[in-house]
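Worksheet for the structure shown next.
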Amino acid sequence: MVARGGRRIIDGLSFAVQSGEALLLTGRNGAGKTTLIRALAGYLSPLSGTIRIDGFDDEREPREACHYVGHLDANKASLTVLENLRFWQSYLGGEGSGTMAEECLWAALERFGLDPLAEIPAGYLSAGQKRRLGLARLLVARRPVWLLDEPTVSLDAQSTALLAKIIDTHVADGGLVVAATHLPLGLGDARELRLGDGVNQGGAQ
Amino acid sequence: MSGFLTLLKRDLLLAVREGGALGTALGFYLIVVTLMPLGLGPDLNLLTRIAPGVLWVALLLAALLSLPRLFEADHDDGSLDVLALGGLPLELMAASKALAHWLSTGIPLALMAPVLGILLNLEARAYPLVIATMLAGTPAISFLGSIGAALTLKTRRGGLLLALLVLPFYVPTLIFGISAISAALLAPDGFLASFLILTAISLVAMVLGPVAAAAALRQHMH
């Protein structure tokens with residue numbers, strides 16, 4: 001059970017996501033998609049019940065397994081695209097050092113089509129480009145669990161398709177994705193969990 | 001530990017790039033100190049007597065100006081959520097940000113104080129004392145201030161509330177900063193006792209501040 005602001009938002013929900021699986025959270029506005037994602041990321045602790053990640057290094061905190069991309073892009077307007085991404089790579093513990101880390105950085109920029117903009121301050125980017133920069137964070141530090149909250153907001157059709165491909169690749173590599181969305185992402189293979197209409201509130205799986 | 005340095009480096013880079021916070025603080029410091037002789041009249045003896053106190057009080061107020069932005073900037077653009085997912089515990093994250101505030105605001109203000117001392121006819125032998133006490137005392141301002149900044153994070157226009165919360169906690173720093181200066185001016189060996197307590201307050205603040213700030217930040221993440 002998860003409560004926010006003294007209100008019970010999610011109650012009696014139980015589900016498991018395997019590695020190599022993508023789970024789409026759907027449901028009307030206010031159904032608790034964001035609340036569930038934030039609880040999974042560890043920002044909110046459940047009032048009762050537990051959230052577990054099996055098979056992750058016991059020495060490290062569960063939060064270190066997670067990437068979280070929320071409604072905001074977490075970019076600094078006065079840093080360039082490259083500086084923003086390099087900061088997150090180093091802070092979130094992207095593996096490798098020196099040239100390997102640089103290569104990984106540029107590969108992520110290229111993947112999201114941001115490499116021509118690398119030296120431009122992030123404040124000058126369009127909303128869609130900012131979003132892509134926020135999503136590029138997923139690729140610079142290897143973390144198994146991706147928690148995405150409405151990742152397609154302000155993305156055009158082409159970028160949405162690109163994101164779907166990147167999520168599919170991550171899932172195929174044995175990663176795990178939980179994405180809250182009200183639009184179909186166009187993923188190859190994804191399970192759907194509908195929140196808030198009473199079906200899953202009794203406990204699915 | 002690398003996360004700590006990475007974050008510190010980014011915050012200092014942002015402070016240089018955006019620059020506004022330091023400029024405002026230094027400008028405010030200059031204006032407040034300039035107003036004093038205008039309000040009190042040209043009595044040089046009076047100004048000499050009150051100079052250390054005026055410099056200290058104005059410094060506290062100037063340092064407060066940029067405190068509300070300490071966590072707010074990262075909260076507004078979503079960075080705070082991602083920062084919380086790093087390998088760095090939230091306490092060290094808060095410590096890194098407070099340290100960046102001290103380096104980018106506390107030290108420049110402390111170094112500017114002797115320049116402003118000229119306006120107040122500060123005694124010549126008080127100059128090194130003012131710099132020393134301010135360098136030792138300003139960490140407490142940043143680290144205790146970070147608690148207030150974390151607590152008032154989501155309050156709109158929380159600046160004034162922050163001042164009300166935090167200024168009472170600056171009283172010990174102010175008292176021992178001033179008493180170190182005046183003790184040294186009266187008797188050359190009276191300096192150390194107050195100065196050591198001043199340093200101790202800063203060290204305690206560096207430990208307690210991040211712990212309390214991190215607790216407040218956790219509440220805001222909900």
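Residue numbering restarts at 1 for every chain, and letters A, B, ... go by the order of the sequence lines. As the structure is a prediction and not an experimental result, all values here were calculated from the model.
- Of the listed residues B:A73, B:S79, B:A84, B:P89, the one with more heavy-atom pairs under 4.5 angstrom with chain A than any other is B:S79.
- Between A:E150 and A:R131 there is no salt bridge, since no side-chain nitrogen of the basic residue lies less than 4.0 Å from a carboxylate oxygen of the acidic one.
- Listed by first and then second residue, the side chain to side chain donor-acceptor pair (under 3.5 Å) pairs involving residues 157-168 of chain A are A:D156-A:S159 (not counting sequence neighbours).
- The part of B:L13 that comes within reach of chain A is its side chain, from C-beta onward, which places non-hydrogen atoms under 4.5 angstrom from that chain.
- Within a 6.0 Å radius of CE in B:M36, other residues, nucleotides and ligands contribute 12 heavy atoms or fewer.
- The shortest distance between side-chain heavy atoms of A:L193 and A:L24 does not fall below 4.5 Å.
- Listed in order of number, the residues of residues 68-77 of chain A that approach chain B to under 4.5 Å between heavy atoms are A:Y68, A:L72, A:D73, A:A74, A:N75, A:K76.
- With a 4.5 Å cut-off on non-hydrogen atoms, A:R137 touches chain B through its side chain but not through its backbone.
- Using a cutoff of 4.0 Å between basic side-chain nitrogens and carboxylate oxygens, B:R69 and B:E72 are scored as salt-bridged.
- Using a 4.0 Å cut-off between charged side-chain N and carboxylate O, A:D149 and A:R38 make no salt bridge.
- Heavy atoms closer than 4.5 Å to chain A are found in the backbone of B:D76, but not in its side chain.
- Using a 4.0 Å cut-off between a side-chain N of Lys or Arg and a carboxylate O of Asp or Glu, A:R191 and A:E21 qualify as a salt bridge.
- For the set B:R10, B:K9, B:E18, the entry with the most heavy-atom pairs within less than 4.5 Å of chain A is B:R10.
- For the pair A:Y91 (side chain) and B:L83 (backbone), a donor-acceptor distance under 3.5 Å is present.
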